[in-house]
Amino acid sequence: MMSPSGMQLPREELVRAYRMMCDIRHFEDSVHDEFAAGSIPGFVHLYAGEEASAVGFMMHLNDADRIASTHRGHGHCIAKGCDVKAMMKEIYGRADGLCGGKGGSMHIADLTKGMMGANGIVGGGPPLICGAALSAKTLKTGGVAVAFVGDGGSNQGTTLESYNLAKVWNLPAIFVVEDNRYAESTASAWSVGGSQLKRAEGFGMPGRKVDGHDFFDVYDAAAEAIGRARNGEGPSLVHVETYRYYGHFEGDAITYRTPEEEEQMKTQKDCLKIFSQRVTETGLLDASALEEVEAESRSLIEQAVAEAKAAPAPGPDKLLTDVYVSY
Amino acid sequence: MMSPSGMQLPREELVRAYRMMCDIRHFEDSVHDEFAAGSIPGFVHLYAGEEASAVGFMMHLNDADRIASTHRGHGHCIAKGCDVKAMMKEIYGRADGLCGGKGGSMHIADLTKGMMGANGIVGGGPPLICGAALSAKTLKTGGVAVAFVGDGGSNQGTTLESYNLAKVWNLPAIFVVEDNRYAESTASAWSVGGSQLKRAEGFGMPGRKVDGHDFFDVYDAAAEAIGRARNGEGPSLVHVETYRYYGHFEGDAITYRTPEEEEQMKTQKDCLKIFSQRVTETGLLDASALEEVEAESRSLIEQAVAEAKAAPAPGPDKLLTDVYVSY
Amino acid sequence: MSKKTYRQAINEALAQEMRRDPTVIFMGEDNVGGMGAPGEDDAWGGVLGVTKGLMPEFGRERCLDTPISESAFIGAAVGAAATGLRPVAELMFVDFMGVCFDQIFNQAAKFRYMFGGKAVTPVVIRTMYGAGFRAASQHSQCLYPLFTHIPGLKVVMPSSPYEAKGLLTQAIRDDDPVIFFEHKVLYDDEEEVPDDPYTLPFGEANLTREGDDVAIVTLGRMVKLSNEVADKLEGDGISCTVVDLRTTSPLDEDTIIECAEETGRVVVVDEANPRCSMATDISALITQNAFGALKSPIKMVTAPHTPPPFAPELEDIYIPTPAKIEAAVREVVAYSREVVA
Amino acid sequence: MSKKTYRQAINEALAQEMRRDPTVIFMGEDNVGGMGAPGEDDAWGGVLGVTKGLMPEFGRERCLDTPISESAFIGAAVGAAATGLRPVAELMFVDFMGVCFDQIFNQAAKFRYMFGGKAVTPVVIRTMYGAGFRAASQHSQCLYPLFTHIPGLKVVMPSSPYEAKGLLTQAIRDDDPVIFFEHKVLYDDEEEVPDDPYTLPFGEANLTREGDDVAIVTLGRMVKLSNEVADKLEGDGISCTVVDLRTTSPLDEDTIIECAEETGRVVVVDEANPRCSMATDISALITQNAFGALKSPIKMVTAPHTPPPFAPELEDIYIPTPAKIEAAVREVVAYSREVVA
Ligand SMILES: Cc1ncc(C[n+]2csc(CCOP(=O)(O)OP(=O)(O)O)c2C)c(N)n1
Ligand SMILES: Cc1ncc(C[n+]2csc(CCOP(=O)(O)OP(=O)(O)O)c2C)c(N)n1
Ligand SMILES: [Mg+2]
Ligand SMILES: [Mg+2]
């Protein structure tokens with residue numbers, strides 16, 4: 001069964017995809033600036049540059065489908081439909097942030113949207129996704145579950161075990177390896193023995209490699225893998241080649257890669273630019289429509305920052321609550 | 001570079017191999033009987049049936065080479081040259097057992113022989129073997145390190161991570177997956193997604209599958225993998241197809257496999273019988289030589305049991321010692 | 001009401017909850033047994049036969065065997081709990097926690113707090129603990145103090161068949177992650193256990209004996225030993241309260257403090273290693289909150305600061321014995337305090 | 001002698017031991033940094049720059065970066081230690097122990113005992129702990145009680161640059177597995193530190209203040225806060241001893257008991273969560289061994305039984321503060337015991 005290609009998407013769906021990518025980009029750019037200005041605390045990992053990956057997958061998912069994210073979670077969160085203003089408040093540690101200010105950037109989550117959380121533990125997500133996929137299978141919801149994991153995270157035993165468990169239990173699970181070339185300062189060219197696709201084969205799963213800068217390439221691979229899962233045909237792996245624009249975390253001096261490489265990736269492989277080119281050249285959308293989306297997105301994020309700045313911190317009574325459901 | 005085949009081994013080496021296999025078989029048969037008679041305590045996992053695997057590898061190793069074993073460790077221990085009488089005493093929990101009676105069957109070890117221990121944790125050994133291989137590499141001893149792991153243990157994240165680490169660090173390590181078809185009651189045909197050889201490929205290692213009932217097949221594959229490691233060419237995986245004659249542990253009612261299967265394996269695939277056939281048919285050894293080895297082996301194990309039974313338990317003062325080198 | 005073993009009580013609680021609630025599932029290595037194997041389909045019921053017989057009733061969809069991949073399947077139980085199921089996962093021996101602890105203490109335990117109260121993770125992890133089986137250093141540990149240290153986990157320590165059934169039923173119905181510790185030496189213990197389902201509350205200790213002279217605060221298998229000692233000492237005119245903690249998290253601080261205040265003399269009996277243990281936890285709680293009532297030092301009876309040894313002769317003196325408990329009780333009774341005021 | 005930061009002190013201890021002993025190596029994620037990357041070869045020196053500069057001197061053979069596979073590389077450090085090297089491995093944050101604990105607590109910690117005294121495993125695991133960085137629930141934990149509970153491990157808690165250099169040097173020379181806890185908030189703290197190598201002994205607590213009224217027993221970063229409180233209270237006529245434990249395993253029981261006996265009043269300050277913690281451990285030790293000398297309850301000042309929160313306003317009240325320590329000291333001083341005898 002061939003899934004319809006992303007190039008056949010109706011106009012409003014293309015707008016939705018572009019809007020999500022813009023929201024992510026603006027969100028991350030703003031957080032970058034705000035962090036530099038000292039108004040955001042903690043460890044913050046930005047997804048700018050990788051937007052097409054999250055959006056290419058999430059276009060296929062609904063609230064009943066689940067995802068598990070990584071420490072670099074804002075993009076997955078936005079694409080999965082989490083409230084952007086509540087997200088920004090969370091990153092500022094505010095009382096009405098998505099997690100009441102208790103989680104912050106690394107633990108942002110919204111279970112009602114099927115977003116099972118960013119994760120401070122590299123490789124923390126894939127086992128959880130086996131569980132979400134098991135729920136979908138057992139409760140026959142028709143849902144699927146998607147684990148995002150970095151190139152670095154692809155070497156964690158928890159991830160590798162999950163490949164096997166998903167295969168053996170024939171789960172509706174998809175493992176997306178977002179290979180942005182580095183894990184902190186360490187190159188994936190060095191840290192990954194063998195290859196992502198051969199590993200998929202090693203555990204008996206179909207694997208496919210995609211250009212993560214091209215929304216349409218991601219979209220099509222996602223359609224195939226997710227379709228397979230929905231049909232009860234078990235797990236798949238998708239290897240997404242991508243690039244992060246900022247440092248590993250905010251504050252990183254980025255000594256391990258060259259400015260030339262960054263420059264080249266940003267000018268030649270930017271997923272937003274590639275998307276606009278593809279849709280304008282083929283006449284699917286026109287430039288003015290894209291500009292409008294851009295502007296709306298920018299203003300939403302500006303508002304989100306302004307509201308987050310003005311929002312109150314959680315009161316001291318919140319320190320001791322929410323450890324247990326029943327005490 | 002072709003390694004010389006096991007069929008070209010000199011007579012005394014063939015005798016040595018057969019002797020080790022006999023020692024293991026008699027050792028395990030005796031422990032089985034003694035356990036059934038109630039004279040051995042604890043959890044005991046026997047290696048009978050799998051002798052050719054341990055011996056086929058250990059023929060290539062010296063005391064400077066290291067191995068890490070599993071819960072099913074007696075065979076590896078004997079083949080690595082540990083004192084058989086001290087081993088038997090250990091299994092009886094005696095004061096002058098190989099580990100002073102503190103370890104027992106599941107923690108039998110002799111570091112002076114390069115035997116880094118049986119292991120009560122499935123998947124416990126492979127990371128340790130990366131370390132032993134790192135020592136060999138860093139200290140330039142020329143040594144190699146071999147991790148034995150079961151089919152069940154091949155699904156443990158610690159094992160899979162170790163494949164990658166050994167590859168990435170280019171370690172002189174060999175991973176031997178002893179696939180005896182079951183992990184406790186669970187069939188490897190079910191629990192292992194993909195295949196052992198494809199997994200090796202997935203992590204960028206050469207892999208080879210051998211008939212673990214045929215000493216010569218194991219010997220040749222071991223030569224290749226160990227030779228590669230000694231030459232600085234990095235890790236390999238060997239998938240050994242084998243069969244355990246007794247239950248998972250002593251006391252197991254073995255409800256999960258059929259008597260027919262057991263019978264067939266014991267009559268048609270016994271590694272001792274296959275070895276004798278091969279060496280007598282080709283005239284490498286004659287039947288009387290083999291019988292002599294057999295008899296010597298049997299009497300050694302009988303002595304070992306008798307001595308272990310008569311040996312004293314550790315004194316109560318031993319409870320608190322050996323936790324630290326310095327207190 | 002009928003006699004049931006600890007093993008049967010656990011099996012029955014599981015079966016009854018699975019009947020009551022279709023979202024209850026269970027999983028573990030060889031928990032059904034024989035997966036993919038030519039032999040019987042329901043061969044094992046787990047390595048000590050605790051879940052035997054459930055698969056024929058509830059089927060393979062709700063009774064799952066797993067590969068040996070504790071991080072993946074314990075994590076899967078956690079993830080399933082956060083998405084609508086109520087999984088009971090078996091970590092065969094608690095000694096194996098080291099290959100999957102992250103999914104327990106950083107994921108299950110913290111979801112609710114990190115997500116601002118919006119997560120509910122009703123997972124139960126059943127696990128075997130304790131010495132006495134000659135199973136040596138990596139299959140005889142207690143380790144419940146490690147789980148008790150972690151906020152967000154509930155830790156349950158059933159001391160008998162009756163306790164096991166009621167506490168497991170509660171554990172499965174509870175909306176928080178629960179670690180359920182089964183003592184391997186207790187499986188064949190038998191007592192009267194109601195046939196119908198019932199729950200025993202978390203955070204409410206149970207007084208198995210009431211007395212005036214000394215409070216023995218204890219848990220798990222040590223309750224049985226402590227009761228024996230209390231019975232024996234009764235004959236010698238020393239009257240003991242025995243407090244079965246039932247759960248170490250939540251902890252019934254009030255009952256512990258009350259018993260300490262009533263008796264003024266306390267012995268804590270804990271099978272685990274001594275450092276940062278339940279023994280120290282209880283002692284410190286009492287000293288902080290009932291100091292004025294204390295008439296003697298609080299004595300702790302625990303395993304020593306060593307791994308569990310293999311040799312039976314060593315293991316027998318490794319585990320706290322009735323003789324050691326008795327000696328501790330006699331010592332606190334004999335203690336007479338110089339006045340310092 | 002010159003001013004050095006905690007970070008520099010650790011770096012210097014490592015460098016000097018690597019010079020002295022060619023079998024010392026180190027490994028960890030990004031511990032050199034930039035492995036396989038086009039940029040600088042010695043870019044990071046670990047995520048907070050602690051090992052920066054060592055690779056150029058000692059080379060890639062002795063300074064190893066690793067994939068993100070903590071079980072494999074911490075286990076490799078353990079295996080290497082058992083076969084002739086003296087590895088120093090970095091577990092970036094102690095919060096990550098959950099993916100590799102088995103290699104630490106079942107392998108490294110138990111080899112010597114299980115193998116009847118025949119193994120020597122001189123591995124050091126350096127790790128970062130503690131709150132104060134707004135790093136939220138999975139990057140701010142203490143967790144040293146979990147390691148202290150395990151027989152066979154040594155646990156080191158340096159409180160200042162001087163302590164860090166001397167204790168790390170000892171850790172590397174020590175033949176047992178050592179978990180070395182570096183507090184992330186202390187890295188930029190500075191004090192006079194000798195330039196030459198020196199060791200500080202394990203199991204010998206350090207009295208940073210001596211006084212008559214109250215003993216504050218504490219460790220790690222809390223030593224600094226406790227010293228501040230002691231200095232302040234000195235002005236108010238309350239004279240405190242401050243006991244820096246230095247190592248929780250081995251524990252200097254004698255000094256703790258002595259200080260408790262001398263003052264009769266004790267406050268334990270522990271940054272970790274409260275249950276089964278060092279706070280309870282110290283309190284229980286004193287109550288068992290120095291009961292007769294106690295004039296007041298032993299108060300514990302700890303984090304609450306919750307994961308570390310993200311919001312700065314919550315994190316600031318999560319961590320024990322000088323104000324809370326002071327209040328506890330004043331409370332034990334004010335306590336007057338009814339005589340019970
Ligand atoms: C178990 C664990 N080990 C190490 C870390 C520290 N750490 C956080 S992110 C990271 C790099 C992850 O790289 P990758 O998976 O490629 O994701 P990316 O940051 O490139 O998106 C590391 C080492 C962690 N959080 N958890
Ligand atoms: C981490 C861990 N999980 C589970 C076990 C329990 N266990 C011991 S042996 C075993 C089966 C191992 O199977 P396999 O690796 O195939 O080795 P075999 O017994 O067949 O030699 C299991 C599940 C364990 N000891 N450690
Ligand atoms: Mg990456
Ligand atoms: Mg097997």
Side-chain angles (χ1 to χ4, degrees), chain B residues 66 68 90 95-104 106-112 114 116-117 119-121 123-139 141 143 145 156-169 171 314 318 321-327, chain D residues 22-23 25 27 35-36 61-62 64-85 87 89 99-100 102-103 105-123 150-154 173-177 201-203 249-250:
Chain B
R66 266 94 180 203
E90 186 58 33
D96 50 356
L98 203 52
C99 304
K102 285 175 162 176
M106 258 194 297
H107 306 301
I108 201 158
D110 186 348
L111 294 168
T112 63
M116 296 177 71
N119 210 308
I121 303 300
L128 299 172
I129 271 318
C130 289
L134 180 65
S135 281
K137 185 178 175 180
T138 308
L139 300 171
T141 65
Q156 188 65 282
T158 55
T159 303
L160 300 166
E161 283 187 3
S162 299
Y163 294 170
N164 188 54
L165 186 66
K167 168 66 186 179
V168 163
W169 279 356
L171 295 176
K318 289 294 185 291
T321 59
D322 302 328
V323 183
Y324 298 98
V325 177
S326 63
Y327 283 81
Chain D
T23 66
I25 62 166
M27 64 176 73
M35 195 69 190
E61 279 209 6
R62 294 177 65 196
L64 291 97
D65 275 350
T66 73
I68 307 177
S69 314
E70 283 85 358
S71 278
F73 83 76
I74 296 283
V78 172
T83 54
L85 293 176
V99 296
C100 62
D102 185 71
Q103 292 292 326
F105 96 101
N106 270 331
Q107 313 295 338
K110 294 187 172 58
F111 281 170
R112 191 165 177 79
Y113 195 79
M114 294 191 304
F115 300 165
K118 291 175 188 160
V120 179
T121 311
V123 64
I150 302 295
L153 299 179
K154 290 179 174 171
R173 296 184 190 177
D174 201 278
D175 278 334
D176 290 308
F202 287 177
S249 186

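Computed from a predicted structure; not experimentally measured. The chains referred to below are lettered A, B, ... by the order of the sequence lines, with proteins before strands, and numbering in each begins at 1.
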Note, [X] side chain near [Y] side chain (heavy atom, < 4.5 Å):
X         : Y         : answer
Leu134(B) : Met27(D)  : yes
Gln107(D) : Ile121(B) : yes
Lys118(D) : Thr112(B) : no
Thr121(D) : Arg112(D) : no

Select, from [options], the one with the greatest count of heavy-atom pairs under 4.5 Å involving chain B.
options                                  : value
Leu153(D), Asp174(D), Thr23(D), Asp65(D) : Leu153(D)
Ala76(D), Pro22(D), Pro122(D)            : Ala76(D)
Ala80(D), Pro250(D), Pro67(D)            : Ala80(D)

Largest heavy-atom contact set with chain D, pairs under 4.5 Å, which of [options]:
options                                   : result
Gly97(B), Cys130(B), Ser162(B), Ser326(B) : Ser326(B)
Ile108(B), Thr141(B), Leu139(B)           : Leu139(B)
Gly100(B), Ala109(B), Gly104(B)           : Ala109(B)
Cys99(B), Gly103(B), Ala133(B)            : Cys99(B)

Tell me whether the rings of Phe115(D) and Phe111(D) are parallel (<30°), tilted (30 to 60°) or perpendicular (>60°). parallel

Counting only N and O atoms by type, is there a donor-acceptor contact under 3.5 Å from the side chain of [X] to the main-chain atoms of [Y]?
X         : Y         : answer
Thr158(B) : Ser71(D)  : no
Arg66(B)  : Gly114(B) : no
Glu70(D)  : Val99(D)  : no

Taking side chain as everything from C-beta outward and backbone as N, CA, C, O, which of these in [X] sits under 4.5 Å from a heavy atom of chain D? Side chain, backbone, both or neither.
X         : result
Asn119(B) : side chain
Leu111(B) : side chain
Val323(B) : both
Thr321(B) : backbone

Could you tell me which portion of Lys154(D) (side chain, backbone, both or neither) has an atom closer than 4.5 angstrom to a non-hydrogen atom of chain B? both

Counting only non-hydrogen atoms closer than 4.5 Å, does Asp175(D) touch chain B with its backbone (N, CA, C, O), its side chain (CB onward), both, or neither? both

Separation between CE (Met114(D)) and CE (Met106(B)), nearest 0.5 Å, reads 10.0 Å

